[in-house]
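Order of listing sets the numbers, starting from 1, for every ligand and every atom in it.
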Amino acid sequence: MACSRNIALICSFALLWTAEFGFADDLGYTLAPAPSPFTDETDGEDPTAPPPVDATRPVSAPPSTNATGGACQIFDVTNYGAVGDGNNPANEAFQAAWAAACKLGAQSTMLVPGGVFLLNPIKFSGPCNVTPGVEIRGRLLAPANMDSFPDRAWISFETLSQLNITGVGTGVIDGQGQDTWAAHGTCHRDSNCKLAPVGLDLVAINGGSLGDITSLNSKGFHMGMWGSSNFLIHNANITAPGSSPNTDGIHISGSSNITVTDSQIGTGDDCISIGASTTNITITNVQCGPGHGISLGSLGKYPNEKEVFGLTVRNCTFTGTSNGARIKTWPGSPDNTVSNVIFEDLTMENVSNPIIINQNYCDGKHGCSSEPSRVKLTDIHFKNIKGTSFTPAAVTLTCSEGMPCSEVHLTDIDLQHILAAQSLTAVCSNAQGITAGVQNPTSCLST
Ligand SMILES: *[C@@H]1O[C@H](CO)[C@@H](O)[C@H](O)[C@H]1NC(C)=O
Ligand SMILES: *[C@@H]1O[C@H](CO)[C@@H](O)[C@H](O)[C@H]1NC(C)=O
Ligand SMILES: *[C@@H]1O[C@H](CO)[C@@H](O)[C@H](O)[C@H]1NC(C)=O
Ligand SMILES: *[C@@H]1O[C@H](CO)[C@@H](O)[C@H](O)[C@H]1NC(C)=O
Ligand SMILES: *[C@@H]1O[C@H](CO)[C@@H](O)[C@H](O)[C@H]1NC(C)=O
Ligand SMILES: *[C@@H]1O[C@H](CO)[C@@H](O)[C@H](O)[C@H]1NC(C)=O
Ligand SMILES: CC(=O)N[C@H]1CO[C@H](CO)[C@@H](O)[C@@H]1O
C-alpha cells in the first residue's frame, strides 16, 4: 500500500531532518513541571462532525519504499484496537501504535483516521530512533470530567526530535472544557482546587512542526510548549468562548527558535503568551480575538527566570480583544532582562489596550509587592500599528521605577477611538525612547 500524500511527505522528510539536526541541545532549563507555566495570572459549541471512518484501510499496512529509499510504515491506531466511536478510552491502542512506530528505527507515521477517539491523559515519549510523523484526521476527545486528570496535561509529546504533527485540515483536539471552566478555570489563584490541564503539551521537542489542526474548548491552556526549539506551528485554529477562563491559545516558555504563523486564535485568555527564558520567537499572520491579545509575560514572578531576547510579532490582527501588544512583569521581581522585542504591522479592531507595557502586573491575590519590578525592558519596538481602541488610553507604557524602560521605539502609531468623537491618550511612566513617523495618540516617551 502506498503512503497517502501527507504520510509520504512526513516519511520522506523525516530522515532528512533527523540527519540535519541532532537532538542534543542542552537548553539549560529545568523541565520539571514547575507551577510557573500555568500560573498566568491574567485578568482572567458544537463540535464539527468528524470525517467518516475509512473502512477500507487494511489491517496492517506493509512498509513501502519510496524515492528517498526509506521505508514508510503506517501505524494506524485502529489496527491496535482503537474504535472511533467516542465511547471507550483508546489509550492502550494509541500507546501501542506509538510504541511500535517509535521503536521501528525507520520512517513511519502514527495515523489517527476519521472518527472520534476518547482519550484519557496520554503521553507520547521519546526519544525514538526515528520520530514517527503523527497524522490526526479525526477528533480526539477529552473526558468531560476533571476526575480523569491527575496531571498537568491531557495529550503530551515529550523528548522528541523532528516531531511533525498534522491534522491535515480535519483533525480536532477537543478538550471538552465546557463543564470544567466554572469550577476549575480560576484554580491558578486558589491552591485548594485542581488546575485545568493544558490540552496539547509539547515538552523538550527539538525540530518539527504542528499544523493544519483545530484545538477546541480546552480545559486549561490549549497548547503549551516548554524547553523546546526549532519548531513551527502553522495553520492552527484555536477556538474557545471569550468567557472561558485561563484558556490561553499557545503558551511558549523556556524555548528558542519557535515560529507561529497563519493561525486563527479566539479564546478566553491570551491568544499567545510568551513566558520567561525564551529567545527568537516569531509570530506572524495571526488573527486574535476574542482573547487577551499577544502577551510577553507575565515575567518576574518566579526565581531563576532567564532572559527573553528576540520576540517578533508581525502582521497580526486583533479583534475585540482586551489587549493587543502587551508586556507584563510583576513588581518585586528578581533581576531579568527583556530585549529586542518587535511588534509591527498590527491592526487593532476595537481593542481595549492596543499597546500596553505593565510592570506593575499583579492580580491582587498574592499580596502584591510594593517593590518595583526588576525586569529591565530595553530595545522594544512598536511599529506600524493602526486601527481602533475601545478605551481612551490607547498607549500605556507603565515601566518600572527601579528599572526604567529604555530604547522604546514608537514608529507610525496611528490609532483612533472606536467612537469617532473621542480622543486618545498615551500614558507613560519611566519610559524612555524614540519616536518616528505618525503618532496618534501623541507620544509620551521621554527622550
Ligand atoms: C516537518 O516540520 C518542518 C518544520 O519544522 C518542515 O520543514 C518539514 O517540511 C515538516 N515535514 C513535513 C513532512 O511536514
Ligand atoms: C475553527 O474551528 C471551529 C470549531 O471547530 C470551526 O467552527 C471554525 O470554522 C474553524 N475555523 C477555521 C478557519 O477553520
Ligand atoms: C530564529 O528562528 C528561526 C526559525 O524559527 C531561524 O530561521 C533563525 O535562524 C533564528 N535566528 C536566530 C538568530 O537564532
Ligand atoms: C536557533 O537557530 C539558530 C540559527 O539557525 C541556531 O544557531 C541555534 O542553535 C538555534 N537554537 C537552538 C536552541 O537550537
Ligand atoms: C498578513 O496576514 C494575513 C492573514 O492574517 C495574510 O493573508 C497576509 O498574506 C499576510 N501578509 C503578509 C505580508 O504576510
Ligand atoms: C467594542 O468592544 C466593547 C468591549 O469589548 C464592546 O462592548 C463594544 O460593543 C465593541 N464595539 C464595537 C463597535 O464592536
Ligand atoms: C511509495 C511512496 O510513498 N513514495 C513516495 C516517497 O516520497 C516521495 C516524496 O519525496 C513521494 O513523491 C513518493 O510518492
Inset, instruction - Consider ligand 3: state whether an atom of it lies below 4.0 angstrom from any non-hydrogen atom of T282. - result: no

Inset, instruction - Among all protein heavy atoms, pick the one closest to atom 7 (O) of ligand 6 and tell me residue, atom and distance. - result: F390 CZ, 4.2 Å

Legend entry - Distance-only polar pair, side chains of N164 and S209, donor-acceptor under 3.5 Å: yes

Legend entry - Member of I258, I283, V260 meeting the side-chain contact (heavy atoms from CB on, under 4.5 Å) criterion with I274: I283

Legend entry - Least distance between heavy atoms, F318 atom then N323 atom: CD2-O, 4.1 Å

Inset, instruction - Take atom 9 (O) of ligand 3 and look for protein heavy atoms under 4.0 Å from it; say yes if you find one, no if not. - result: no

Inset, instruction - Using a distance threshold of 4.0 Å (strictly less than), state whether atom 14 (O) of ligand 6 has a protein heavy-atom neighbour. - result: yes

Legend entry - Heteroatom proximity flag, S352 to ligand 6, N/O under 3.5 Å: no

Legend entry - Check ion pair R326-D270 (N to O, under 4.0 angstrom): yes

Inset, instruction - Report yes if some N/O of S256 lies less than 3.5 Å from some N/O of ligand 4; otherwise report no. - result: no

Inset, instruction - Look at atom 3 (C) of ligand 4 and find which of N280, N257, I258 reaches it with the closest heavy atom. - result: N257

Legend entry - Protein heavy atom under 4.0 Å of atom 5 (O) of ligand 3: yes

Inset, instruction - Identify the heavy atoms of S333 and G300 that sit nearest to each other, and give their distance. - result: CB-O, 3.1 Å

Inset, instruction - For atom 2 (O) of ligand 6, find the nearest protein heavy atom and state the residue, atom name and distance (0.1 Å precision). - result: N350 ND2, 2.4 Å

Legend entry - Sole candidate of L299, V375, T278, D335 that passes side-chain contact (heavy atoms from CB on, under 4.5 Å) when paired with E305: L299

Legend entry - H234 versus S263, closest heavy-atom pair with distance: C-OG, 3.9 Å

